[in-house]
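Reviewing the structure listed below.
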2 protein chains.
Amino acid sequence: MSPAIPNETMDDNRRQIIDAAENRYRNYGYGKTTMAEIAEDVGMSAANLYRYFKNKHEIGSACAQRCMAERIDQLSVIVRKPGLNAHEKLRSYVIENLMYNYQNAGVDQKINELVQIIVNENKDVVYKQVEKEIGLLAEILSQGNSSKEFAIENVLRTARSIQSATIMFNVPTFLGLYPIEQFQEMANGVVDLILTGISKR
Amino acid sequence: MSPAIPNETMDDNRRQIIDAAENRYRNYGYGKTTMAEIAEDVGMSAANLYRYFKNKHEIGSACAQRCMAERIDQLSVIVRKPGLNAHEKLRSYVIENLMYNYQNAGVDQKINELVQIIVNENKDVVYKQVEKEIGLLAEILSQGNSSKEFAIENVLRTARSIQSATIMFNVPTFLGLYPIEQFQEMANGVVDLILTGISKR
DNA sequence: ATAATGAATATATTATTGATTATTCACTAT
DNA sequence: ATAGTGAATAATCAATAATATATTCATTAT
């Protein structure tokens, strides 16, 4: 039987493969990257890649998931940045997200293509990412409750709603529709709305 | 020279053509519908269609725009429905929109394909539709201001923000991601958020 | 003039083929 | 046993040929 816990070499090789793949994807895109090329970059035969990944798609998937995880890390920096109150953090979070996606949509579109492809065949990847984003939003909301800025009863439900309400600034699909300035205005408008609501007080 | 105001026959023929086209689109999709088929359905030659529309794309565009206009009409029924207060109207508006799009995304996907195609080459169609939706939302907000339910300073800006915040329930792209019940929950959550906000009062 | 057409041409779609690439497998080295 | 390979096969992609469709135009009918 195979070992319950894969050994270090296994993990290291997998990482190397993802590194090589990501580098290729960035330069030539997912579709134009061959197994043989990845194998050569990492110094093994194409056949041997299959000892580490089930197929080409799994390499792309691993790469996409790692990129998405890195993005969560970037966002969590905002969430934990000292000297910002919860209002500011929420705005920062949404705007930063927008800027990141706008950048990526233009400059670094090759990785976007990858994420798009992976996501289309594997919804679970989206679900996981969304859950993590909701987790970060929930952190901000909890902080706001602690500091008495907010008075939120159901933090998780509210975090989910905010995630839904800001989806437009989170998804590359829309980002071609308007110039960035307009998106910033829209994002700020939505944040204002979330913070204050519309009912008379 | 051609008459400044096209005569009745012109308009009637155009309408008939759009009718025939829509029927074909619904059954076979935009791509599989030929000019010859539309022409036959309406009892004329393919060549003659060009007296009424510049090209195939223009027929599709006219059809898509008519469908979108019909949808605005449906939504405006809610906005003007008596016996609902502004809170209820806003919720109704968002949920109705969601249900309509969910239906369409599944059942009647052929027309969606059409809208998608048209929209891809002509962003103006989207802009116009969005402006109309914002107009309806602004109506609801104004009613809420009159009835003292809301206290909104900038109605138009707020309407724009609500439009952005509810885009997820408005765009077929997302609607495959979750079952309808979950979307309803999400939509209600977002409406709650918009109505009450999160800042302590 | 205006409405309409059939036939001619330009454009786009689909089917076919050949070439490339992914994946498997029998086998070798450690 | 585990890591690896080259060669065989299966799946996919890209180029081309064949077909179908969109569009134009010269001409006819009203």
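Predicted model only: the values in this text are computed from it and were never measured. In what follows, every heavy atom counts, from backbone to side chain, and hydrogens, waters and symmetry copies are set aside. Order of the sequence lines fixes the chain letters, A, B, ..., with proteins taken first and strands second; residue numbering starts at 1 for each chain.
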- Task: Grab the OH-P distance between A:Tyr50 and C:dC27 for me, whole Å please.
- Result: 21 Å

- Message: Taking CD in B:Glu40 as the centre, count heavy atoms belonging to other residues, nucleotides or ligands within less than 6.0 Å. Is the count above 12?
- Response: no

- Neighbour count above 12 (heavy atom, 6.0 Å) for A:Gln182 CD: yes

- Task: Take the protein atom CG of A:Asn55 and the nucleotide atom P of D:dA10, then report the distance between them rounded to whole Å.
- Result: 18 Å

- Figure out the NE2/C1' separation between A:His57 and C:dT23, and round it to whole Å. 16 Å

- In whole angstroms, how far is the P atom of D:dA3 from the CD atom of A:Gln16? 14 Å

- Verify, without hydrogens or angle tests, whether B:Gln143 (side chain) and B:Val79 (backbone) share a donor-acceptor contact under 3.5 angstrom. yes

- Item | SB check B:Glu133 B:Arg160 (cutoff 4.0 Å) | no

- Derivation of the salt bridge (Lys or Arg N to Asp or Glu O under 4.0 Å) call for A:Asp124 and A:Lys128: CA-CA 6 Å; A:Asp124 281 358; A:Lys128 275 191 214 159; over 6 Å; no

- Message: Check this for me: does any side-chain nitrogen of one of A:Arg80 and A:Glu139 sit under 4.0 Å from a carboxylate oxygen of the other?
- Response: yes

- Note on the structure: Rounded to whole Å, CD1 of B:Ile38 lies from P of D:dT21 at a distance of 12 Å

- Task: Can you tell me the distance, in whole Å, between the NZ atom of A:Lys54 and the P atom of C:dT23?
- Result: 10 Å

- Would one find more than 12 heavy atoms of other residues, nucleotides or ligands at under 6.0 Å from atom CD of B:Glu121? yes

Protein-nucleotides 3-8 of chain C N/O pairs under 3.5 Å:
from: C:dA3; atom 1: OP2; to: B:Arg51; atom 2: NH2; distance (Å): 2.3
from: C:dA3; atom 1: O5'; to: B:Arg51; atom 2: NH2; distance (Å): 3.2
from: C:dA4; atom 1: OP2; to: B:Asn48; atom 2: ND2; distance (Å): 3.3
from: C:dA4; atom 1: OP2; to: B:Tyr52; atom 2: OH; distance (Å): 2.6
from: C:dA4; atom 1: O5'; to: B:Asn48; atom 2: ND2; distance (Å): 3.2
from: C:dT5; atom 1: OP2; to: B:Ser45; atom 2: N; distance (Å): 2.7
from: C:dT5; atom 1: OP2; to: B:Ser45; atom 2: OG; distance (Å): 2.9

- Task: Starting at atom CD of A:Glu40, determine the distance to atom C1' of D:dG4, rounded to an integer number of angstrom.
- Result: 17 Å

- Got more than 12 heavy atoms from elsewhere within 6.0 Å of OH, B:Tyr178? yes

- To the nearest Å, give me how far apart CD1 (A:Ile117) and P (D:dC13) are. 10 Å

- Hey, can you tell me if B:Phe183 and B:Phe169 have their rings parallel, tilted or perpendicular (30° and 60° cut-offs)? perpendicular

- Message: So for the helix from C:dA1-D:dT30 to C:dT30-D:dA1, with five pairs setting each end axis, what is the inter-axis angle to 10°?
- Response: 20°

- Message: Does this structure show an ion pair linking A:Arg15 with A:Asp19, if we count only N-O contacts that are shorter than 4.0 Å?
- Response: yes

Polar atom pairs (N or O), protein with nucleotides 12-21 of chain C, under 3.5 Å:
from: C:dT14; atom 1: OP1; to: B:Lys32; atom 2: NZ; distance (Å): 2.9

- Is any side-chain N of the basic residue among B:Arg157 and A:Glu185 closer than 4.0 Å to the acidic one's carboxylate O? no

